[in-house]
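This report concerns only the one structure given below.
These numbers come from a predicted model, not from an experiment. Note: hydrogens, waters and symmetry copies are ignored here, and every other heavy atom, side chains too, is used.
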Amino acid sequence: MSKVLNEPELNEAPVLEILYQDEFLVAIDKPAGMLVHRSFLDRHETVFVMQTLRNQLGQHVFPVHRLDRPTSGVLLFALSADVARLLTEQLTEQHWRKFYLAVCRGFVKQAGILDYPLKEQLDKIADKQASQDKDKQEAITALWPLAQIELPLAVGKYPVARYSLVALQPLTGRKHQLRRHLSHLRHPIVGDTTHGEGKHNRLFAEHLSSHRLLLIAKRLELKHPVTGVDLVIEAPLGEVEVLFKEFSWPTDESWYNSFFERSELAGLISL
């Protein structure tokens, strides 16, 4: 696929991996650390997903949802305003199923659903005129433990360090919901510089060469907004595959596909 870079500041933009594309929409594997679009909150950044994808495809793209800057994985764009409207309606009506993978502190032993309202997070600059006294918003996340590891590395007052691989399904879409919910459960995601713990982030950086938020938007399920066909879009493990291999955690994509296909909310306890 041709790559057309018309803007000088995008000369170092990566070629984004296309996970799905047709005449109506396109899904990419968003790299960790890459902003989705321009923001005056990050004025020094010069490379953005929207502009990079637009130049890579040679046409305009329309954002439908977002991923936090440090999160990688499935990110969907419409190729017209009309399709963007249809996809936004699906998302608003909660017709999508989204699954994430995360590496978090401690042993997560029980699958369940966390129903824990979150106060809206406001940006200091962009939202400085907004009301600071809004009620908490409903926020619900389903969680399944998948694997565990105990590392012979002292951290804090403990002689060993324990971590879990978990699958997450957000049932609402609040800002930083997954990161804040896992922090509330005292299992913060490794690499989270806002809601996580510095000593665990440093352990992964110094001993495992992992310098990113270990959160991946792994799978998106939706009906095609035009054809009505069921779509399942999967992101690869990517750069975290090396870490998973070192931990002897699953790296076969079919293993994760099988899990997501079997996952059910029915029967999950309240966390």
Side-chain angles (χ1 to χ4, degrees), residues 1-43 45-100 120-123 125-127 130 169-178 215-236 238:
M1 190 168 293
S2 63
K3 178 183 178 185
V4 180
L5 294 176
N6 297 319
E7 300 183 29
E9 68 269 28
L10 295 181
N11 285 338
E12 297 181 3
V15 176
L16 298 170
E17 180 179 355
I18 305 295
L19 302 175
Y20 176 87
Q21 183 180 357
D22 61 24
E23 62 184 297
F24 304 106
L25 49 88
V26 60
I28 59 115
D29 182 11
K30 175 194 164 303
M34 193 172 182
L35 286 166
V36 174
H37 51 71
R38 295 179 185 275
S39 169
F40 66 84
L41 299 176
D42 295 275
R43 297 180 182 180
E45 290 297 324
T46 59
V47 178
F48 309 90
V49 173
M50 275 188 62
Q51 286 84 356
T52 301
L53 183 60
R54 178 200 66 195
N55 289 334
Q56 188 170 320
L57 299 180
Q59 67 178 101
H60 287 291
V61 296
F62 299 78
V64 180
H65 64 127
R66 58 164 291 173
L67 290 179
D68 293 336
R69 177 178 183 169
T71 304
S72 64
V74 181
L75 185 62
L76 186 66
F77 292 87
L79 296 180
S80 71
D82 288 339
V83 172
R85 176 181 54 78
L86 294 173
L87 287 170
T88 300
E89 289 174 359
Q90 287 184 353
L91 182 59
T92 301
E93 295 169 3
Q94 299 182 339
H95 291 166
W96 292 9
R97 284 214 315 168
K98 295 184 284 184
F99 291 97
Y100 291 70
E120 183 179 4
Q121 286 194 328
L122 301 175
D123 292 316
I125 299 176
D127 299 316
Q169 182 184 355
L171 304 177
T172 53
R174 307 307 175 199
K175 185 176 181 180
H176 294 181
Q177 176 176 313
L178 300 180
L215 178 64
I216 304 170
K218 190 70 176 68
R219 180 181 174 105
L220 173 62
E221 301 175 7
L222 71 155
K223 281 194 177 296
H224 195 289
V226 178
T227 67
V229 171
D230 290 333
L231 295 180
V232 176
I233 305 171
E234 291 267 359

Taking Thr71 for its side chain and Leu67 for its backbone only, find out whether a donor-acceptor pair lies under 3.5 Å.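 Absent.
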
Arg69 side chain to Gly33 main-chain N or O, any donor-acceptor pair under 3.5 Å?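 Yes, Arg69 side chain to Gly33 backbone: donor-acceptor pair under 3.5 Å.
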
Taking all heavy atoms of [X] and all of [Y], pick out the closest pair and write down the distance.
| X | Y | result |
| --- | --- | --- |
| Pro225 | Gln90 | CA-NE2, 3.8 Å |
| Phe62 | Ala84 | CB-CB, 3.8 Å |
| Leu87 | Trp96 | O-CZ2, 3.9 Å |
| Pro31 | Leu16 | CD-CD2, 3.7 Å |
| Leu79 | His60 | CD2-O, 4.1 Å |
| Ala78 | Val64 | N-CG2, 3.9 Å |

Are side-chain heavy atoms of [X] and [Y] found at a separation under 4.5 Å?
| X | Y | answer |
| --- | --- | --- |
| Leu35 | Val49 | no |
| Ser80 | Phe24 | no |
| Lys30 | Val36 | yes |
| Tyr20 | Leu25 | yes |
| Met34 | Ser72 | no |
| Leu91 | Lys98 | yes |

Listed pairs under 3.5 Å, donor-acceptor, residues 216-224 side chains, sequence neighbours left out:
| unit_1 | atom_1 | unit_2 | atom_2 | d |
| --- | --- | --- | --- | --- |
| Lys218 | NZ | Glu234 | OE1 | 3.4 |
| Lys218 | NZ | Ala235 | O | 2.6 |
| Lys218 | NZ | Glu253 | OE1 | 2.5 |
| Arg219 | NE | Glu221 | OE2 | 2.7 |
| Arg219 | NH1 | Glu234 | OE2 | 2.5 |
| Arg219 | NH2 | Glu221 | OE2 | 3.2 |
| Glu221 | OE1 | Arg97 | NE | 2.9 |
| Glu221 | OE1 | Arg97 | NH2 | 3.1 |
| Glu221 | OE2 | Arg97 | NH2 | 3.3 |
| Lys223 | NZ | Asp230 | OD1 | 2.7 |
| His224 | ND1 | Val226 | N | 3.1 |
| His224 | ND1 | Thr227 | N | 3.2 |
| His224 | NE2 | Asp22 | OD2 | 2.7 |

Go through Leu53 and Ile28 one step at a time and tell me if the side-chain contact (heavy atoms from CB on, under 4.5 Å) criterion holds. CA-CA 9 Å; Leu53 183 60; Ile28 59 115; 3.7 Å; yes

Salt bridge (charged side-chain N to carboxylate O under 4.0 Å, His left out) pairs, two or more places apart, involving residues 57-67: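 Checked against salt bridge (charged side-chain N to carboxylate O under 4.0 Å, His left out) - neighbours excluded - the pairs reaching residues 57-67 are Arg66-Asp68.
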
Going by the salt bridge (charged side-chain N to carboxylate O under 4.0 Å, His left out) test, which pairs reach into residues 74-95, not counting sequence neighbours?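 Passing the test, one end in residues 74-95: Arg85-Glu89.
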
Verdict with supporting geometry, Thr172 and Gln177, side-chain contact (heavy atoms from CB on, under 4.5 Å): CA-CA 8 Å; Thr172 53; Gln177 176 176 313; 2.7 Å; yes

Hey, could you give me the NE2/OG1 distance between His65 and Thr92, rounded to the nearest 0.5 Å?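 Those atoms lie 12.5 Å apart.
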
